[in-house]
Amino acid sequence: MKDSLAVIPSSTYLAACAAAWCGLHCALTPFLAVAAPALALSEGVERALWAGTVLLGAVMLVMGPARKNAALVLAFVGGAVLWAASLAGWLHPLPENATSAAGSLALAGALVQGARVCQAGACPACADEEHADRS
């Protein structure tokens, strides 16, 4: 077991940590969204949360095999731009709740689809796992 951990590249650990943070973020966000009005968060905090979410998602996307899929990268970038435009007020006639939700759902959809791309041989961690199962 100890030897198998030594051959996994450090980038895989970073991707695993990003995935863990993403899971925690996705689990806590619904509760924070409900509590947000009571917390009276400023626009700066809201934008910082957006930046953290986009950075976390970008790390996950770049570390996985989905980085080679142009459609997924475009969906992720499009979702981030839509969400940012919503927070900046550029889509003002449309309700911010709807446009922010659409942007965040585009980000989440790209990440979920990116996770489905990982197949045996597509990334070093999957290939190592497939090799270990055959032995």
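Note that the numbering runs from 1 along the sequence shown for the chain. Both backbone and side-chain heavy atoms feed into the values below; hydrogens, waters and symmetry mates do not.
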What pairs of donor and acceptor atoms, side-chain ones from residues 72-86 against any protein atom, are under 3.5 angstrom apart with sequence neighbours left out?
from	atom 1	to	atom 2	distance (Å)
S86	OG	E96	O	3.4
S86	OG	T99	OG1	2.6
S86	OG	S100	N	3.3
S86	OG	S100	OG	2.9

Atom pairs and distances, donor-acceptor, side-chain atoms in residues 47-60, under 3.5 Å, two or more places apart:
from	atom 1	to	atom 2	distance (Å)
R47	NH2	E43	OE1	3.3
R47	NH2	L87	O	3.4
T53	OG1	L49	O	2.8

Where do S104 and A101 come nearest, in terms of heavy atoms and distance?
-> OG-O, 3.0 Å

